[in-house]
Peer 1: 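I have a structure here, written as structure tokens, and I will follow up with some questions on it.
All heavy atoms count here, side chains included; hydrogens, waters and symmetry mates do not. Letters A, B, ... mirror the listed sequences (proteins, then strands); counts begin at 1.
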Amino acid sequence: MSHNATNTAEDGKQGGGVSLRWVLHSPLALPLIGLIVVSILMGFASENFFSVGNIMNVLRQVSIVAILAVGMTFVILTGGIDLSVGAVMALSGTIAAGLMVNMGLSGWVGLLAGLGVGVGLGIFNGVMVAWGRMPAIIVTLATMGIARGLGLLYSGGYPISGIPSWISWFGIGRIGIVPVPVIAMVIIYALAWVLLQRTPFGRHVYAIGGNELAAKLSGVKTQMVKLTVYAISGLTSAFAALILTGRLMSGQPNAGVGFELDAIAAVVLGGTAIAGGRGLILGTLIGAVLLGILNNGLNLMGINPYLQDVIKGLIILLAIYIGREW
Amino acid sequence: MSHNATNTAEDGKQGGGVSLRWVLHSPLALPLIGLIVVSILMGFASENFFSVGNIMNVLRQVSIVAILAVGMTFVILTGGIDLSVGAVMALSGTIAAGLMVNMGLSGWVGLLAGLGVGVGLGIFNGVMVAWGRMPAIIVTLATMGIARGLGLLYSGGYPISGIPSWISWFGIGRIGIVPVPVIAMVIIYALAWVLLQRTPFGRHVYAIGGNELAAKLSGVKTQMVKLTVYAISGLTSAFAALILTGRLMSGQPNAGVGFELDAIAAVVLGGTAIAGGRGLILGTLIGAVLLGILNNGLNLMGINPYLQDVIKGLIILLAIYIGREW
Amino acid sequence: AQEDGLKIGMTFQEMNNPYFVSMQEALMAAAEDLGAEVVVTDAGHDVAKQISDVEDMLTQGIDILLLNPTDSAGIESAVHMAKAQDVIVVAVDANANGPVDTFVGSKNRDAGYQSCKYLAEAIGGEGEVAILDGIPVVPILERVEGCKAALDEFDGVTLVDTQNGRQDRSVALGVVENMIQSHQNLAGIFSVNDGGAMGALAAIQGSGRDIKLTSVDGAPEAVAAIAEGGPFIETTAQFPRDQVRVGLAMALAQKWGARVVPSEVPIDVSVIDAENAADFSW
Amino acid sequence: MLQLTGIKKRFGTIQVLHGVDLDVRAGEVHALLGENGAGKSTLMKILTGILQPSEGTITIEGETRQFADYDEAIEAGIGIVFQEFSLIPYLTAVENMFLAREIRGPFGLLDRKAMRKRAREILARLEVNVPLDVPIAKLSVAEQQFVEIAKALSLNARILVLDEPTATLTPSEVEHLFKVMRELRKQGVAIIFISHHLEEIFEICDRITVLRDGEYVGDCLVSETDNDRLVEMMVGRRIENSFPEKPGPRPGARVMLECEEVQLRKGGPISDFVLREGEILGFAGLVGSGRTETALAMLGAYPAARCKVMVDGEETRFKEPAEALAHGIGLLPESRKEQGLITSFSILQNISLNNYGKYRKGHWLIDLKKERQDTETAMGQVRVKAQGPMARVDTLSGGNQQKVVIARWLNHQMKVLIFDEPTRGIDVGAKAEIYQLMRAFTAQGYAIIMISSELPEVIGMSDRVCVFRQGGIVATVEGDAINAEEIMTHATTGRVRHVA
Ligand SMILES: Nc1ncnc2c1ncn2[C@@H]1O[C@H](COP(=O)(O)OP(=O)(O)OP(=O)(O)O)[C@@H](O)[C@H]1O
Ligand SMILES: Nc1ncnc2c1ncn2[C@@H]1O[C@H](COP(=O)(O)OP(=O)(O)OP(=O)(O)O)[C@@H](O)[C@H]1O
Ligand SMILES: [Mg+2]
Ligand SMILES: [Mg+2]
């Protein structure tokens with residue numbers, strides 16, 4: 001990659017607004033082109049694809065993985081990885097539902113507890129990685145197993161249903177024609193953008209991914225930043241759990257198996273370097289939507305589900321291959 | 001890690017045989033201590049643990065993941081990763097069985113075809129990583145999806161049974177009291193040891209993981225070495241498929257889900273650095289056996305399966321934490 | 001084996017599904033009555049792990065093996081091993097190849113057939129239907145087969161889509177949303193199990209369309225949803241607890257010396273709809 | 001023997017070499033001189049097939065050659081010791097030396113005995129004693145450097161390129177290297193030698209080629225030129241006395257930092273020293289004598305056994321450099337690339353990296369405008385040569401990169417700056433500028449610790465000098481005692497203080 005992914009916003013300013021040249025030179029260009037091409041293909045293949053209903057549908061479906069991918073982006077930017085997001089999401093939703101249903105606590109208390117679970121596990125990951133100096137892939141792999149096991153233990157393997165009905169608003173509510181999960185997703189991305197592009201913390205995230213030792217020696221609190229990054233990932237997992245719980249109206253200890261891989265794919269499709277230091281949060285959003293469109297479009301076209309896996313794999317390879325050197 | 005992972009054999013020689021000092025200073029020391037401690041604990045908890053029958057039992061159970069972990073070790077030593085091993089194993093076994101059963105080809109032809117599938121997908125991964133310069137985690141993630149999809153497409157989702165009965169020898173046969181899979185595992189580890197420790201290729205694998213640019217500048221054919229490493233991983237996946245097919249007497253398109261994570265855990269528990277450049281193949285064997293003992297011991301102790309996940313996660317964390325600075 | 005107590009091992013194909021969890025509960029209750037020791041393992045849909053689990057249980061000296069196989073063909077070597085140690089082997093829910101003493105299982109093909117017949121009748125014998133498939137294991141594949149056989153009997157019914165919801169509520173939800181988008185005239189959906197059906201139900205309710213839903217299992221949540229009325233009109237219930245109870249009884253009979261235990265005990269499935277849902281539970 | 005003619009090279013839109021000629025004869029040591037970023041390393045990479053020229057030809061013994069990669073260059077008898085280390089940290093010296101050209105025994109397996117033997121022979125020729133079974137990462141910098149040289153020698157090269165091999169060596173080790181080079185010259189090997197130390201050029205080289213900004217300036221015989229002429233050729237102007245005037249001791253200068261006890265390793269020697277306002281305290285000693293580690297220990301970046309430091313009369317033990325920064329202590333690390341720069345960042349982002357306290361808007365956000373203004377000012381102060389503040393630092397030359405790291409500390413209210421090898425690999429022009437900057441800092445009241453392996457620099461810049469040996473300070477000298485003889489005596493024979 002020969003472009004600096006961290007200062008695009010400013011490059012844009014220098015170019016005097018959003019000119020075509022800027023768009024083509026931005027690290028977002030390729031993910032965006034990929035998105036457009038795939039959308040057009042899907043539009044040809046299925047008449048329903050471009051209906052407003054379907055677009056909202058895709059965005060709503062995408063929202064959960066897209067929100068998980070926000071935390072994943074922070075973590076990957078520092079050069080780490082978080083394999084526990086799916087399991088943490090499931091545990092957070094299960095415990096939230098369990099507290100409401102079995103302990104009779106109010107919905108808000110349950111939701112707060114769910115957020116607490118997510119952040120808590122994120123901090124656990126962060127402490128292990130930053131202070132324990134253990135490889136992130138192993139720490140979060142272990143956390144994944146632990147969180148899954150705890151969720152199943154807590155629920156005895158049953159889904160927990162019977163939560164207050166207003167919680168469904170988070171999953172299936174709408175404001176105007178826009179589904180609530182989509183609005184939540186947009187807000188979370190906006191906050192993440194500000195954090196990454198406009199705050200010192202964000203710069204430090206990029207710096208650690210670029211050269212951790214140099215960042216540390218120049219006075220960046222690298223351990224604290226890493227801790228925060230995993231805590232953010234736990235938090236976004238818990239937000240995803242909130243939407244999932246609203247969508248399914250139950251706590252599902254088995255939900256989200258394999259979502260970590262979808263979230264990683266979204267981040268990388270969005271142009272973020274897997275080794276850290278370079279990438280844009282908006283790229284991740286594009287990557288997540290691209291994945292969602294693939295799922296949706298292949299479904300709409302009625303393609304054999306087994307074949308869908310093959311096609312998705314090939315398209316991901318192609319997208320990364322084209323985007324690799326930009 | 002402050003010890004050189006690559007020249008232990010020589011250190012040993014200088015010390016005049018296998019002295020205690022050598023054992024303590026070897027990078028194998030910690031995995032070995034972990035293995036011994038866990039074995040002793042399991043022995044106390046379950047009277048059957050130390051029976052010869054159970055030990056053979058554990059080793060046979062371990063063999064499949066242990067063989068996958070050989071290829072994974074090569075890949076990780078170069079600084080890469082291979083998430084496709086489980087799916088490639090499943091596809092290789094499914095196609096081998098399919099050719100025997102549906103096409104009526106002889107067993108040997110089917111097995112060779114299975115090996116071909118494994119190596120072919122490995123080469124595909126290798127080309128994408130080495131010449132396509134794409135991140136290994138994404139390439140192999142995509143290959144995982146593609147291989148799974150192809151296996152299910154080919155078999156229509158059904159397991160393929162009815163293969164020649166002599167193939168079961170690979171899975172459940174014995175030579176003396178030693179199960180065939182265990183013998184296969186030992187031979188594969190011995191070959192891998194020679195390759196890594198006694199051939200130029202092995203040096204190059206370590207060199208690429210240590211500093212790829214420097215290796216390239218020194219004249220190492222880095223792309224070719226990387227290609228080979230992924231091809232080896234495909235090959236060991238195919239060997240694992242052979243044993244699996246013998247054990248299950250059928251081609252199972254769904255087999256091996258999540259095995260990639262077990263294989264990675266074995267490699268890292270064995271003391272290999274996830275960033276590459278350092279590690280010993282014998283460590284991987286110890287790591288795989290350690291994982292197998294955990295599974296077996298927790299089963300023998302009759303622990304709730306959900307709780308097993310939690311305990312396994314915690315023990316992996318503990319093992320890595322202790323081993324981290326050695 | 002310990003001389004005094006009876007030791008029962010049961011290996012499940014998965015345990016994060018209420019269907020199998022309730023089997024386990026019935027087993028525990030029965031074993032407590034008998035004063036028997038129980039070992040339970042979870043294969044997580046992995047036959048290789050299931051074989052290992054059986055090996056481990058044999059090491060512990062079990063007398064009875066209740067086997068809920070992930071795959072009938074794949075598990076055969078474990079059956080041989082168990083028989084080699086004179087353990088009584090009863091296959092539960094799905095059959096296993098090899099010298100199994102008794103197979104106690106529900107009729108998955110029938111279940112698929114009845115659900116889809118109910119569905120086809122409910123939409124008046126004509127219209128578009130779709131199948132929400134699941135993990136490709138034999139019982140699920142049989143349900144799909146049964147379903148297709150039933151649909152074939154109705155000339156007016158066309159199967160327009162088959163998608164995989166992986167029996168997971170969250171996955172099924174998205175997949176069914178897409179189905180609904182792409183088939184404007186969709187009138188009915190058959191889900192291969194209740195887990196997927198609950199996701200499908202949320203998708204149908206979210207769309208506000210009139211689509212009928214049937215399924216297989218009889219899980220408490222599904223039964224509650226059917227009792228409420230709404231899109232979810234039927235599930236063909238299986239009897240997981242009874243399967244375990246009968247299976248265990250067969251094994252005990254043999255243990256006590258019975259020489260002519262039935263080699264197969266089919267457990268009927270039964271249609272649960274709004275009329276009888278209130279009174280049904282596993 | 002070797003002729004490069006009209007070599008041009010461009011990276012993207014940047015033209016780095018504008019038609020350079022180089023003519024090297026057998027049995028000579030040929031110096032390649034030029035400022036940082038003049039294109040010396042690039043030219044050598046082209047010669048060795050690592051980069052491809054955009055234009056120009058390479059002729060060896062009358063035959064025009066084109067090397068697709070380094071391997072082909074090796075075949076043609078060319079060897080190089082890279083400016084950036086090219087060793088594999090976890091492999092041993094033997095494994096590194098024979099990497100990619102291992103000696104094979106039966107069945108194509110490694111013949112490890114033969115390789116050890118060869119390695120011993122080559123190292124014996126260099127008269128250095130390097131442990132053969134220890135990973136390279138555990139060796140000292142000098143040892144690593146000699147392994148690099150041994151590696152190039154093992155190729156039996158007829159043309160040997162040494163890109164700044166002396167930058168990390170002590171005088172005696174340099175002397176040692178020169179002995180080896182003379183020996184090779186006698187054997188007819190042509191050596192291309194790059195160094196920023198002009199006195200070394202005069203000591204060892206026969207002929208000189210000078211580059212400036214990627215242009216060929218000229219070549220001449222060493223015997224026919226002098227220091228000033230060379231500098232003028234390189235820089236295009238004369239450089240006056242490079243060390244600025246020492247202002248002399250300030251009466252009653254405040255103690256900024258007092259190091260009461262630093263013990264790097266358990267049972268090792270104990271060091272102590274004081275640092276006063278406005279002074280430059282030199283840390284001299286042989287490579288590996290523990291200067292860097294002592295500095296890092298004070299900042300909390302090295303786990304010393306003991307570390308008792310008083311900052312402004314208050315006892316502190318920093319857990320990480322961020323805490324030291326909060327107390328006004330900053331570091332210019334010895335290795336720019338690995339420890340100083342975020343190479344994927346722009347100049348601006350690198351300079352402001354640790355100073356966001358200053359650029360805040362609405363408490364949480366970065367004030368982008370102010371950040372940019374201040375960066376431009378800082379860049380101007382240290383005179384970074386670059387396209388603009390948004391240029392990525394990895395496109396800068398070594399000297400300019402070093403200036404970026406220095407500029408990082410300009411916008412802080414610092415008290416103490418630790419400069420670890422501030423002029424390593426930096427050309428004479430930039431060196432003088434960095435010296436001026438250091439004096440400008442002290443004039444503002446900063447106190448500076450300067451770690452340097454270059455004796456003239458230590459002598460020319462320091463107000464006082466702490467001499468290190470074997471991990472601890474053995475002597476502190478000031479005034480007229482700051483001379484080469486005194487310092488070297490302490491550095492080689494001084495007695496360290498151990499715990500009672
Ligand atoms: N890959 C690259 N892309 C762009 N510019 C480059 C690249 N490599 C080198 N340059 C530029 O080429 C010029 C020459 O660099 P080179 O490393 O050859 O200088 P040098 O003479 O060896 O300097 P020094 O004395 O600092 O080692 C520098 O301006 C550098 O910024
Ligand atoms: N007693 C010792 N045991 C092991 N290693 C040592 C010892 N003393 C020094 N070293 C090694 O010497 C190296 C150099 O130490 P340090 O960087 O502090 O020295 P320095 O004087 O700053 O030299 P340099 O000019 O290389 O920076 C360190 O990497 C350290 O590993
Ligand atoms: Mg250079
Ligand atoms: Mg130093």
Peer 1: For residues Y206(B) and I88(D), determine if any side-chain heavy atom of one lies less than 4.5 Å from a side-chain heavy atom of the other.
Peer 2: no

Peer 1: Just jot down the ring pair (Phe, Tyr, Trp, His ring centres under 6.0 Å) partners of F146(D), sequence neighbours excluded, or say none.
Peer 2: H176(D)

Peer 1: Could you list the residues that satisfy side chain to side chain donor-acceptor pair (under 3.5 Å) with T78(B), not counting sequence neighbours?
Peer 2: none

Peer 1: With a 4.5 angstrom heavy-atom cut-off, could you sort out which part of L109(D) is near chain B: side chain, backbone, both or neither?
Peer 2: both

Peer 1: Can you name the closest pair of heavy atoms from L110(D) and P200(B) and give their distance?
Peer 2: CD2-N, 3.5 Å

Peer 1: Return the CZ to CZ distance between R198(B) and R104(D), rounded to the nearest 0.5 Å.
Peer 2: 15.0 Å

Peer 1: To the nearest 0.5 Å, what is the distance between CG on L77(B) and OH on Y90(D)?
Peer 2: 11.5 Å

Peer 1: Of all the heavy-atom pairs spanning S218(B) and S86(D), show the shortest one and how long it is.
Peer 2: OG-O, 4.0 Å

Peer 1: Would you give the length of the straight line joining atom CG of L217(B) to atom CZ of F82(D), rounded to the nearest 0.5 angstrom?
Peer 2: 4.5 Å

Peer 1: If you count heavy-atom pairs under 4.5 Å between each of E102(D), K45(D), R101(D) and chain B, which one has the most?
Peer 2: E102(D)

Peer 1: When you check the gap from the basic side-chain N to the acidic O, do K221(B) and D71(D) get nearer than 4.0 Å?
Peer 2: yes

Peer 1: If we only count heavy atoms from C-beta on, is the L87(D) to N211(B) side-chain gap below 4.5 Å?
Peer 2: no

Peer 1: Please examine the side chains of H204(B) and L99(D), heavy atoms only from C-beta on, and report whether any two atoms are closer than 4.5 Å.
Peer 2: yes

